[in-house]
Amino acid sequence: MTAIRVRFAPSPTGELHIGGARTALFNYLFARRNGGTFMLRIDDTDLERSNKEYIDKLMDAMKWLGLQWDEGPVYQSQRVSEYLNEINRLVTEKKAYRCYCSVEELTAGREVARKENRAYLYPGTCRNLSPETEAIKLQEGIKPVVRLRTPDEGETIVNDLIRGEVSFDNRGLDDFIILKSNGQPTYNFASVVDDLQLKISHVIRAEEHLSNTPRQILCALALGHELPVFAHVSMILAPDRSKLSKRHGATSVEEFRSLGFLPEALVNFMALLGWSPGGSEEGSDIFSLAEMIDVFSLDKAGKTAAVYDTEKLTWMNGQYIRDCKIETLAEVARPFFIKRGLLPKKNGEDELQYLSKVIELVRERSKTLVELADLSFYFYRDDFSYDQKTLEKAFKKNGAAKILGDIAQQLQELKTFDRYTIEGLFNDFCLKSEISAGKIIQPVRLAVTGLGGGPGLFEIMELLGQERTISRLIRAAAFIQDEQR
RNA sequence: GGCCCCUUCGUCUAAUCGGUUAGGACACCAGCCUUUCAAGCUGGCAGCAGGGGUUCGAAUCCCCUAGGGGUCACCA
């Protein structure tokens with residue numbers, strides 16, 4: 001049995017989006033599941049559009065997701081001599097030939113075809129030029145391209161692990177370009193040479209490549225190599241069922257990261273797009289990377305394009321936030337607190353401990369790290385305003401100011417200031433004043449946090465400490481009296 | 001337009017060889033829990049694109065139609 005080797009081969013022309021990341025994930029899972037090798041290859045044969053910056057970002061994104069590759073990155077731009085060798089060989093063997101047709105000629109031909117409503121196929125103008133003619137063209141200074149001589153009849157069959165046998169009529173395939181006039185190979189060719197030379201056993205990629213596969217098979221056949229196994233995974237579509245693009249809001253891994261999503265959640269979510277572990281028992285869809293590796297197989301991959309739904313991702317993220325180890329969560333959440341202006345760039349031990357305690361209280365109601373930081377505002381700042389809706393209910397009742405004042409006074413007398421003693425005090429207060437707990441707790445919560453909801457009030461107060469709690473109650477009492485004037 | 005792929009709740013999906021009250025997850029709704037908001041728990045709503053066949057029996061097999069997507073570049 002041949003060694004399992006797969007590759008993820010993005011072109012560095014933009015940020016890694018969720019579709020590409022999902023393809024990387026499937027390759028990774030497949031390799032891990034089968035004890036194979038996962039390679040990263042950078043398909044940068046298009047010099048104009050490729051960008052160094054994107055290469056770095058891409059690798060960052062993959063590392064962040066936890067998709068560590070075993071080999072690479074291999075850069076196609078650094079393997080040009082390999083491609084040229086093979087192309088020269090094909091030309092010598094007459095399996096490929098130089099074409100001197102100008103871009104204008106070709107475009108004109110394409111125009112005509114479009115007007116006549118038929119597909120344009122290269123007519124084979126330069127298919128059988130005599131050496132003399134070639135010499136003249138060359139002398140004229142024309143830089144030729146190289147085209148692959150493709151069969152005029154028969155069919156090319158793609159054997160796909162997910163889609164079965166897909167056949168293409170060779171008559172619909174023309175002699176396509178494998179070497180551009182600038183001396184760079186085209187993607188279809190370079191990709192094939194790499195897959196063969198790097199001994200890729202399984203080509204797992206998005207469905208958009210299915211239509212190109214017969215061309216690649218023709219290349220491989222011309223080169224005289226065996227074919228890898230293909231698996232074309234269904235595409236990920238934007239909510240409007242169109243191809244993913246910037247106008248669809250968050251699509252790149254980087255964006256999801258800065259919106260406060262955890263890599264584990266994103267990976268989990270992506271895995272379930274176009275793949276399912278099977279079974280239909282009750283249970284959530286939460287799977288760790290390790291669990292997925294354990295059960296991953298391509299025959300459970302679906303054929304239908306998937307529309308991604310941020311709601312579900314968000315829910316998943318909430319699950320991960322809740323299950324995450326508190327120290328880990330504090331560490332990954334810290335940058336969001338810094339960005340929000342709640343923490344300085346460098347934090348001491350005290351700040352980190354306080355952060356952990358804050359997060360412990362708030363995380364249950366946060367679905368993203370951004371939300372986590374937002375909901376923690378009052379643990380760091382005193383200058384919050386009061387939520388308008390809650391204010392109407394909690395502060396505008398008769399006696400609210402007095403209650404706050406009384407509570408503040410009684411809290412002042414506490415020797416220990418923990419959740420239990422505070423709760424005891426509140427219970428006594430309710431009994432003596434014959435006011436229901438809710439009536440008291442609501443205004444106090446608003447006074448202390450500015451919000452109508454949140455973690456247990458007594459825990460908040462404990463963490464805030466006696467002094468800050470009391471001053472907030474006094475501030476609120478003053479605020480109410482001001483309003484009433 | 002040619003070629004290729006696809007079509008199960010709003011979304012992601014399950015359903016060994018055709019026989020299921022078509023299952024789960026998110027979202028939504030209701031109830032419970034509760035100092036609030038969440039979380040959690042319980043229940044509910046909701047789907048086989050349409051039409052023909054084949055068959056005792058079709059989400060499942062075949063054909064047609066419709067819809068969606070991809071690809072036809074000196075992009076990848």
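Naming convention: chains lettered A, B, ... in sequence-line order (proteins, then strands); numbering from 1 in each chain.
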[N] and [M]: how far apart are their [atom1] atoms, nearest whole angstrom?
{"N": "B:rC32", "M": "B:rG23", "atom1": "P", "result": "27 Å"}
{"N": "B:rG51", "M": "B:rA66", "atom1": "P", "result": "15 Å"}
{"N": "B:rC56", "M": "B:rG43", "atom1": "P", "result": "41 Å"}
{"N": "B:rC3", "M": "B:rC17", "atom1": "C1'", "result": "34 Å"}
{"N": "B:rG40", "M": "B:rC4", "atom1": "C1'", "result": "48 Å"}
{"N": "B:rC28", "M": "B:rC37", "atom1": "P", "result": "16 Å"}
{"N": "B:rC61", "M": "B:rU16", "atom1": "P", "result": "11 Å"}

Check whether any side-chain N or O of [X] sits under 4.0 Å from OP1 or OP2 of [N], and answer yes or no.
{"X": "A:T186", "N": "B:rC74", "result": "no"}
{"X": "A:R110", "N": "B:rC74", "result": "yes"}
{"X": "A:K243", "N": "B:rU71", "result": "yes"}
{"X": "A:T304", "N": "B:rU7", "result": "yes"}
{"X": "A:K312", "N": "B:rA25", "result": "no"}
{"X": "A:K180", "N": "B:rA76", "result": "yes"}
{"X": "A:Q319", "N": "B:rG40", "result": "yes"}

For this session: Using a strict cut-off of less than 4.0 Å between a Lys/Arg side-chain nitrogen and an Asp/Glu carboxylate oxygen, indicate whether A:R147 and A:D174 qualify as a salt bridge.
Result: no
Exercise. Under 4.0 Å between a Lys/Arg side-chain N and an Asp/Glu carboxylate O for A:K303 and A:E207?
Worked result: no
Seminar exercise, completed: Between A:R445 and A:R163, the residue closer to the 5' end of RNA chain B by nearest nucleotide is A:R163
Exercise. Can you tell me if A:S252 uses its side chain to pair, donor with acceptor, with the backbone of A:E255 under 3.5 Å?
Worked result: yes
Mate of [N] where both pairing distances stay under 3.5 Å, Watson-Crick or G-U:
{"N": "B:rU54", "result": "none"}
{"N": "B:rC26", "result": "B:rG10"}
{"N": "B:rG1", "result": "B:rC72"}
{"N": "B:rU20", "result": "none"}
{"N": "B:rC32", "result": "B:rG40"}

is_close_aromatic([X], [Y]), centroid dist under 6.0 Å:
{"X": "A:H202", "Y": "A:F26", "answer": "no"}
{"X": "A:Y386", "Y": "A:F479", "answer": "yes"}
{"X": "A:Y122", "Y": "A:F176", "answer": "no"}

Exercise. How far apart are the C-alpha atoms of A:H232 and A:R163, what are their side-chain angles, what is the distance that settles it, and do they pass the side-chain hydrogen bond (donor to acceptor under 3.5 Å, both in side chains) test?
Worked result: CA-CA 7 Å; A:H232 287 96; A:R163 280 153 220 285; 5.8 Å; no
Which atom pairs link the protein and nucleotides 45-51 of chain B when you take only N or O atoms and keep those under 3.5 Å?
none

Seminar exercise, completed: Quick note, A:S11 side chain, CB onward, closest among B:rU11, B:rG69, B:rA76 is B:rA76
For this session: Walk me through it: do A:K52 and A:D56 pass the test salt bridge (charged side-chain N to carboxylate O under 4.0 Å, His left out)?
Result: CA-CA 7 Å; A:K52 269 243 148 49; A:D56 294 336; over 6 Å; no
Exercise. When you look at NZ of A:K143, are more than 12 heavy atoms from neighbouring residues, nucleotides or ligands closer to it than 6.0 Å?
Worked result: no
Expressed in angstrom and rounded to an integer, what is the separation of [X] atom [atom1] from [N] atom [atom2]?
{"X": "A:K393", "N": "B:rU35", "atom1": "NZ", "atom2": "P", "result": "17 Å"}
{"X": "A:E104", "N": "B:rC74", "atom1": "CD", "atom2": "P", "result": "12 Å"}
{"X": "A:F230", "N": "B:rU71", "atom1": "CZ", "atom2": "C1'", "result": "16 Å"}

